[in-house]
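What you see below is based on every heavy atom in this structure, not just the backbone, and it leaves out hydrogens, waters and symmetry mates.
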Amino acid sequence: MNTGVKITAFAAALAATFGTAYGVGKGVGPVGEPQKAEHGDHAATPTPSQSAAADGHAGHGAQTPATGTAAAELPGGLQVSQDGYTLALETPVPAVGKSVLKFSIKDAAGRKVTAFTTEHGKELHFIVASRDLNTFRHLHPVKAADGTWSVDADLPAAGGYKAFADFKPAAPGAQGVTLGADLAVPGTYAPKPLPAVAPTATVDGYQVRLGGVLDPGKAGELKLTVTKGGKPVTDLEPYLGAYGHLVALRAGDLAYLHVHPNEGGPGPDVSFTATAPSAGTYRLFLDFQHEGKVRTASFTVTTGGGNASVPATGAATHDAGGHAHG
């Protein structure tokens, strides 16, 4: 059934508040597995080196407060606070349509962080995705002098969303961190089913074919091939310091895997190394730039049994998200 549910501003605010608080203490388990009442453990937990390969940044795993060592290596984005930093949303209940999102990164003393290390062309990468993973926004916020970030966002429907901030503080010895916090858009909520698994996505006349293997707990190559009108695109333009930028989100808890391409030329192939933290279903979002415009191709991929290949044939799927630039 696809029955709409009315979400009021008050209920949305409660959802954002308690959803964010929930994210601090516990992560939801992978799709299709029983949930534990107290711990939210994940199957096939990767090692620290596997986690670094999965998200493209060293030091993004969750740390234990007591020892500072890797603790079960939670994927990124499952916590609103980590390593003494917190993603503080100033607009947790935006309206349907175009809104200005404001947020800050606060340190352990509650002060807004103003100094960040530039990585992949930006001081901070900001992603917003709907809970049903049909909408994806890779946004480029602007930072004010006091550490407040703001960005225009177009959220097409009511419902739950999650915002991700991926950054590395400029403090000595600081590691990269990916934090996640809930957004709730008031209105009539009609969740959409997850798009079907298919190896080809079509966006703005471009066809992108996905090939490779996504294994739980094991690094593997994902290769995406960009064509237009049946001809390979061999002049992709650099975007965020590379010829492609890939974000993977796990269905259910929206665990965040931030991967970047292996070395290669400007197309038609863009190659990535990725590790799934567990068996389950994932949505992959590829950003690529051609003729001065950034486009997003999206895919649904499943894993399981320790080995799951992306299928060789199937129907095309269209990305329901897009880009907004701050």
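Of the possible donor and acceptor atoms, one in the side chain of Asp132 sits under 3.5 Å from a partner among the backbone N and O of Lys192. Lys143 places no side-chain N or O within donor-acceptor distance of the main-chain N or O of Glu123, the cut-off being under 3.5 Å. Not a single donor-acceptor pair under 3.5 Å links the side chain of Thr303 to the backbone N or O of Pro216.
The structure places CG of Asp154 at 9.0 Å from OG1 of Thr135, a figure rounded to the nearest 0.5 Å. A distance of 11.0 Å separates CG in Leu179 from CG in Leu78, rounded to the nearest 0.5 Å. Rounded to the nearest 0.5 angstrom, Asp83 CG and Gln175 CD are separated by 8.0 Å. Within the model, atoms CZ of Arg137 and OH of Tyr161 stand 7.5 Å from one another, a figure rounded to the nearest 0.5 Å. Interatomic distance, OH of Tyr256 versus CG of Leu249, reported as 7.5 Å (0.5 Å rounding). Between atom CG of residue Leu124 and atom CG of residue Asp166 there is a gap of 7.5 Å, rounded to the nearest 0.5 Å.
Ring pair His245/Tyr239 is perpendicular by interplanar angle, where above 60° counts as perpendicular and below 30° as parallel. Note on ring orientation: taking the six-membered ring where Trp is involved, the planes of Phe136 and His138 are perpendicular (angle over 60°, cut-offs 30° and 60°).
Pairs passing the ring-ring contact (aromatic ring centres under 6.0 Å, His included) check and including a residue from residues 201-220, sequence neighbours excluded, read Tyr206-Phe288, Tyr206-His290. Within the structure, side chain to side chain donor-acceptor pair (under 3.5 Å) contacts touching residues 222-234 (residues at least two apart or in different chains) are Thr225-Asp269. Annotation: salt bridge (Lys or Arg N to Asp or Glu O under 4.0 Å) contacts involving residues 234-246, sequence neighbours excluded, are absent.
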- Message: Please determine whether side-chain contact (heavy atoms from CB on, under 4.5 Å) holds for the pair Val113 and Phe167, giving the CA-CA distance in whole Å, both sets of side-chain angles, and the decisive distance to 0.1 Å.
- Response: CA-CA 11 Å; Val113 178; Phe167 62 92; over 6 Å; no

- Message: Evaluate His125 against Val247 for side-chain contact (heavy atoms from CB on, under 4.5 Å), listing each step before the verdict.
- Response: CA-CA 11 Å; His125 296 267; Val247 171; over 6 Å; no

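Residues passing the salt bridge (Lys or Arg N to Asp or Glu O under 4.0 Å) test with Glu90 are Lys112, sequence neighbours excluded. Under the side chain to side chain donor-acceptor pair (under 3.5 Å) criterion, Gln207 pairs with no residue, sequence neighbours left out.
Taking both residues in full, the closest heavy atoms of Gly244 and Leu286 are given as CA-CD1, 4.3 Å, listed atom of the first, atom of the second, then distance. Nearest heavy-atom pair, Leu87 versus Gly180, reported as atom, atom and distance to 0.1 Å: CD2-C, 4.1 Å. Scanning both residues, Gly265 and Tyr243, for their nearest heavy atoms gives O-CD1, 3.4 Å. Asp253 approaches Lys162 most closely through the heavy-atom pair O-NZ, 3.7 Å. Pairing each heavy atom of Ser271 with each of Glu221, the nearest pair is OG-OE2, 2.5 Å. For Leu254 against Ala129, the heavy-atom pair with the smallest separation is CD2-O, 4.3 Å.
The side-chain heavy atoms of Thr273 and Asn262, taken from C-beta on, include a pair separated by under 4.5 Å. Using a 4.5 Å cut-off on side-chain heavy atoms (C-beta onward), Val208 and Arg295 make no contact. The closest side-chain heavy-atom distance from Leu210 to Val301 is below 4.5 Å.
Salt-bridge formation is detected for the pair Asp182/Arg131: a Lys NZ or Arg NE/NH1/NH2 atom is positioned less than 4.0 Å from an Asp or Glu carboxylate oxygen.
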Considering only distance and modelled atom types, tabulate donor-acceptor pairs under 3.5 Å from the side chains of residues 98-107, sequence neighbours left out.
unit_1	atom_1	unit_2	atom_2	d
Ser99	OG	Ala95	N	3.3
Ser99	OG	Ala95	O	3.2
Asp107	OD1	Ala109	N	3.0
Asp107	OD1	Gly110	N	3.1
Asp107	OD1	Arg111	N	2.8
Asp107	OD2	Arg111	NE	3.0
Asp107	OD2	Arg111	NH2	3.2

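Aromatic pair Phe116/Trp149: centroids less than 6.0 angstrom apart.
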